[in-house]
There are 2 protein chains.
Amino acid sequence: MSVQERKQRERAERERLIVTTARELAEQQGWDAVTTRRLAERIEYSQPVLYSHFRGKREIIGAVALEGATEMAAAVRAATAAADGPRARVTALARAYLDFAARNPAVYDALFELDGGLAFAHEDTPQPLRDAFAALLESLGEVAGDGVHPGMFTEVFWAALHGLATLTRAGRLPPEDAERRVELLVDRLAVI
Amino acid sequence: MSVQERKQRERAERERLIVTTARELAEQQGWDAVTTRRLAERIEYSQPVLYSHFRGKREIIGAVALEGATEMAAAVRAATAAADGPRARVTALARAYLDFAARNPAVYDALFELDGGLAFAHEDTPQPLRDAFAALLESLGEVAGDGVHPGMFTEVFWAALHGLATLTRAGRLPPEDAERRVELLVDRLAVI
DNA sequence: GCTCGACCCTAGCATTGCTAGGCAATCGAG
DNA sequence: CTCGATTGCCTAGCAATGCTAGGGTCGAGC
C-alpha cells in the first residue's frame, strides 16, 4: 500500500505545483499569459497532465481563487484582531481588504473578475469562500446598526470595498485619495 | 464631391452597424460569442472590413462602451430629474444605475469589466465617460455633506453601486435583497 | 472607353483550449 | 523470473480565435 500512498502524495504535490505556478505566472504577467502550454512548460510536464488534475483552465483559476480566499480571510482576521474597538476594527478591515486586492491582483481577479466556475451565495459554495465572508461578517456585524441585518450590511460594505478595489485597479479611480475614500466609507456606513 | 460624401456617409453607417451588431450579439450570447468571424457574418461583410474601421476587437468593445456611457448618463439624468428633493434624487439615481447595469449586462461589461482600451480619470478620457461621471456628480454632489469633496463622495458612492452591480450579476450576492441594499446605501452614505 | 485607384474578399498565420492515440514503465500473478 | 495488464505520460492534432497579406474587381474620372 505504501507505493500507492507515495503516488497519491506525489499527485497532490504536483497539483499544488500547478496551482502555485499558475498563480505566480498570473501575478507576473497577468492571466492572459497563463496559457495551458506555458503553464505546462513551467511545471515541466506536458499539457495533458493539467487535464488529469483539472477539468480545464477554469478549474485552475478556481483553485487559485480558493487559495486566495483563505489567505484573504486570514489577512482580514489578522488585521482586525490587532485593532481596538469597533471603529478601528472596521477601518483595519477595509484597509486589509483593499491592500490584499492591490498586492494580489491576479488572485483577486481569480476570485471576483474571472470565471473560476465557483458557486457563490449557494448551498454548495466552497468552504473557503464562506469563511472569507464570515471573516468580514465578524467585524462588520457589530457595526451594522439597529434593525439592520448583519449579513446584509456586510454585503453592502463588501460591495463598496469591491467597487473601490476594482475601479482603483482598473484606473477608473485616481489612486491618490484611496485612504480618504476608506475613511469616508467607514465614517458613513458603520454605526459606531 | 458628392460621391465622396456618400461614401463617407456609408462608411459611417457601416461603422454604426458594426457597433450595434456587436452590442446585440453580446447582449444575446455574451461577449465570448462576439468573435470577429461571427460579427463579420452578421454585418454581411468579411472580417478585414472590421479592421478598416477599428484597430481590433478591443476598439469595438470600447465603441460599445462609449455608446453605453452616453445612454447610462441619460438614464440617470432622466431618473433624477423626475424626483423631488435630494433624497429622492439619490435613490432614483441608485436605482437607475443598477437597473441599467442589470438590463444591459454586456454594455456594462464593456464599460467596466472588459478592456476596451479606454482611459479613465485622465486628461484624455473620452467625453461620454466624463459626462457619465458628471451625471452622477450632479445629484450626488448635493448630498456629500460638509467638508467632503463632492467629487470624492461621488467616487465612493459610484464604487459602492459598481460593487453591488457586479457582485449581484455575478451571482455573488443574492438578488432578493437588492432593494433593501439600495436603501441602506442611500440612508447611510448620503447626508440629506 | 480606358486607366488607375479605392475597396473588399479569399486564404492563411500563429496562438488558444482541449483531446485522441500510442508508447513505455511499472505492477501483480504464475 | 517472466509475461500480460494497467497506469501514466507524451506527441500530435483539432477546431476556434484574433489578425494580416495579397490579389481581384468594380467604379470614378479623364
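Please read all numbers here as calculations on a predicted model, not as lab measurements. Each chain gets a letter, A, B and so on, in the order the sequences are listed, and its residues count up from 1.
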note: B/E59, atom CD; D/dG18, atom C1'; distance rounded to Å ~ 14 Å
Heavy atoms of other groups near B/E44 CD, more than 12 under 6.0 Å: no
Side-chain contact test, heavy atoms from C-beta onward, threshold under 4.5 Å: evaluate it for B/R181 versus B/L173 and give yes or no. yes
I'd like to know whether A/H162 forms a ring-ring contact (aromatic ring centres under 6.0 Å, His included) with A/F157, so could you lay out the CA-CA distance, the side-chain angles of the two residues, the decisive distance to 0.1 Å, and finally the verdict. CA-CA 9 Å; A/H162 176 63; A/F157 201 100; over 10 Å; no
Short of 4.0 Å, heavy atom to strand atom, which residues of residues 12-36 of chain A count as contacting DNA chain D? A/R14
Looking at A/Q47 and D/dC10, is any side-chain donor or acceptor paired with a base atom of the opposite kind under 3.5 Å? no
The residue, A/R37 or B/E44, whose nearest nucleotide of DNA chain C is more 5′ is B/E44
Which one, C/dC8, D/dG18, D/dC10, comes nearest to the side chain of B/S46? C/dC8
Rounded distance in Å - NZ (B/K57) to P (D/dC19): 8 Å
Between CZ of B/F54 and P of D/dT20 the distance, given in whole Å, is 15 Å
Figure out the OH/C1' separation between A/Y51 and C/dA20, and round it to whole Å. 14 Å
At under 4.0 Å between heavy atoms, what does B/R38 touch on the DNA or RNA strands: base, sugar-phosphate, or nothing? sugar-phosphate
Starting at NZ of B/K7 and ending at C1' of C/dG5, how long is that distance when rounded to a whole Å? 9 Å
I want to check something: taking the side chain as every heavy atom from C-beta on, are B/W31 and B/V64 in contact at a cut-off of under 4.5 Å? yes
Parallel, tilted or perpendicular: ring planes of B/W158 versus B/F133, cut at 30 and 60 degrees: perpendicular
B/F112 and B/Y97 aromatic ring geometry - parallel, tilted or perpendicular at 30°/60° bounds: parallel
Rounded to whole angstrom units, what separation is found between the CD1 atom of B/I61 and the C1' atom of D/dG18? 12 Å
Report the distance from atom NE2 of B/H53 to atom P of D/dC19, rounded to the nearest whole Å. 16 Å
Proximal nucleotide (of D/dC10, D/dA21, C/dG12) relative to the B/P48 side chain: D/dA21
Roughly how many Å is it from CD in B/E10 to P in C/dA6, rounded to a whole number? 17 Å
Taking C-beta and beyond as the side chain, do B/R180 and A/H149 meet within less than 4.5 Å on heavy atoms? no
